[in-house]
Amino acid sequence: MKKLRITGIVAAVIVIGTIAVIAANSAANKTVRLTEYTYTHSDVPYAFDGYKIFFISDLHQAPFADQILEHIKETQPDVIILCGDLVALPDYNFDETQKIAEGVGGSIPIYAVSGNHESQNAEYEHIIGNLWDAGIVWLENDDKTLRKNGDSIRLIGVKDSGIDELSEEVAQDEIIEEIEEFIPDDRDEFSILINHRADMYPYIKNIGVDLILSGHLHGGIVRLPFLGGVIGHKYAKHFFPDYDYGYYEEGEAAMIVSGGCDQNPNKKRYFNPPEAVLITLEREDW
């Protein structure tokens, strides 16, 4: 009888604990956290020391525009980067992104690249045209020079290939060729590459840029202590993908990967709340 009572207590504790974790996780998934990085490099121009980049990936039309605008208001970034998947297939609405652009009101430049949810969308041209109209500069295999007090940095944007299987040499080669076209001849010019797919990192980490901003894997969707993200892209490793979240430095270029800012009931996050990222550039003087 005593054993049955103990077993019942243990079972009740497990059930209550599970309900508490699910409830806490559900609440956390409704709040956009702000993750901050400081990126230090000797090629950061003097005028860009302390320059702040507000970085969002994989918004997927989640209802977070108001929270994101609040983070922008509090942090006062110098530039805003949107790293693809603003819409959610098969839909093509981007009201939340448009709301962010309207809230910023042109006071901060906004640059964006496509993710697979744009590149594979039947309404791709419609999406891009309307985002331009909203004041967002769309970098389709293009680059822009950011200037401040006589100094400059190069911002390079890659259009998503629209091909799921990145192990195909064609997809890799096409992306690499597009990037190489915009690599600065002067390697001392600080450059940032915006590329939606973090799993491209092994192929582009030595391509000649300093910093890569990526997303795509949603932080592994489920994150476990000491193990990291659990779920990868369906055509990549199915479990524990290599480049799902955070800071990586394996070659010439470092990479910062956003865990994404989506709210998809069919791809529910666990221990991995949606995030916006703030990156502060810091000049390293030898």
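For reference, positions follow the sequence shown, starting with 1. When reading the values below, keep in mind they use all heavy atoms of this one structure, side chains included, and skip hydrogens, waters and symmetry mates.
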Practice prompt. Determine whether Leu89 and Tyr124 fall in the same hydrophobic cluster, where Ile, Leu, Val, Met, Phe, Trp and Tyr are linked whenever their side-chain heavy atoms lie under 4.5 Å apart.
Written response: no
Worksheet item: Do Tyr243 and Tyr248 have ring centres separated by under 6.0 Å?
Response: yes
Item to complete: Kindly give the heavy-atom pair with the smallest separation between Cys83 and Ile194, and that separation in Å.
Response: SG-CG2, 3.8 Å
Discussion item. Please check this pair: side chain of Tyr111 against backbone of Ile156, looking for a donor-acceptor N/O pair closer than 3.5 Å.
Written reply: no
Worksheet entry | Heavy atoms of other groups near Arg147 CZ, more than 12 under 6.0 Å | no
Worksheet item: Hey, are Lys159 and Asp142 close enough for a salt bridge, meaning a charged N less than 4.0 Å from a carboxylate O?
Response: no
Discussion item. Could you tell me if His126 and Asn130 have a donor-acceptor pair between their side chains, going purely by distance under 3.5 Å?
Written reply: yes
Fill in: Asp43/Arg283 salt bridge by N-O under 4.0 Å criterion
no
Worksheet, complete the sentence: Interatomic distance, CZ@Phe190 vs CD1@Ile153, rounded to 0.5 Å, equals 6.0 Å
Worksheet item: Does any donor atom in the side chain of Asp58 or His216 lie under 3.5 Å from an acceptor atom in the other side chain?
Response: no
Fill in: Stepwise side-chain contact (heavy atoms from CB on, under 4.5 Å) check, Arg197 with Leu217
CA-CA 8 Å; Arg197 304 191 192 212; Leu217 293 179; over 6 Å; no
Discussion item. Under the criterion side-chain contact (heavy atoms from CB on, under 4.5 Å), I'd like the reasoning laid out for Val87 against Asn121: C-alpha separation, chi angles, the key distance, then a yes or no.
Written reply: CA-CA 9 Å; Val87 305; Asn121 201 301; 3.9 Å; yes
Practice prompt. Anything under 30° is parallel, anything over 60° is perpendicular, the rest tilted; go ahead and classify Tyr39 against Tyr247.
Written response: tilted
Discussion item. So which atom in Ala276 and which in Phe54 form the shortest heavy-atom distance, rounded to 0.1 Å?
Written reply: CB-CZ, 3.5 Å
Discussion item. Taking the side chain as everything from C-beta on, heavy atoms only, tell me whether Ile68 gets closer than 4.5 Å to Ile56.
Written reply: yes
Discussion item. Please find the pair of heavy atoms, one from Asp95 and one from Gln61, that lie closest to each other, and give the distance.
Written reply: N-OE1, 3.1 Å
Worksheet item: Is it true that the side chains of Glu275 and Thr35 contain a donor and an acceptor less than 3.5 Å apart?
Response: yes
Response to the item:
All heavy atoms of Ser191 vs all of Gly208, minimum pair found to be OG-O, 3.9 Å
Worksheet item: How long is the gap from CD1 on Ile179 to CE on Met200, to the nearest 0.5 Å?
Response: 6.0 Å
Worksheet item: Same cluster or not: are Tyr46 and Phe48 linked, directly or through other Ile, Leu, Val, Met, Phe, Trp or Tyr residues, by side-chain heavy atoms under 4.5 angstrom apart?
Response: no
Discussion item. Do Asp160 and Ser119 pair up side chain to side chain, a donor and an acceptor below 3.5 Å, judged on atom types alone?
Written reply: yes
Item to complete: Please step through side-chain contact (heavy atoms from CB on, under 4.5 Å) for the pair Leu146 and Tyr51, ending with a clear verdict.
Response: CA-CA 11 Å; Leu146 306 181; Tyr51 191 83; 3.7 Å; yes
Item to complete: Establish whether Phe240 and Ile231 are linked, either directly or via other cluster members, by ILVMFWY side-chain heavy-atom contacts under 4.5 Å.
Response: yes
Discussion item. Is there a continuous path of hydrophobic side-chain contacts, each under 4.5 Å between heavy atoms, that joins Trp132 to Ile136?
Written reply: yes
Worksheet item: Do you know the tightest heavy-atom contact between Val158 and Val113?
Response: O-CB, 3.6 Å
Discussion item. Has Asp151 got a side-chain atom pairing as donor or acceptor with Ala47's backbone, closer than 3.5 angstrom?
Written reply: yes
Worksheet item: How far apart are the closest heavy atoms of Lys73 and Gln76, and which atoms are they?
Response: O-NE2, 2.9 Å
Worksheet entry | Short N-O contact, Asp78 and Lys52, less than 4.0 angstrom | no
Practice prompt. State, yes or no, whether a side-chain contact exists between Asp49 and Glu282 at a heavy-atom distance under 4.5 Å.
Written response: yes
Item to complete: Taking atom types as modelled, find out whether Asp91 and Asn93 have a side-chain donor-acceptor pair closer than 3.5 angstrom.
Response: yes
Discussion item. Can a donor-acceptor pair be found, under 3.5 Å and without considering hydrogens, that links the side chain of Asn29 to the backbone of Arg269?
Written reply: yes
Worksheet entry | Heavy atoms from other residues, nucleotides or ligands near NZ of Lys205 exceed 12 (cutoff 6.0 Å) | yes
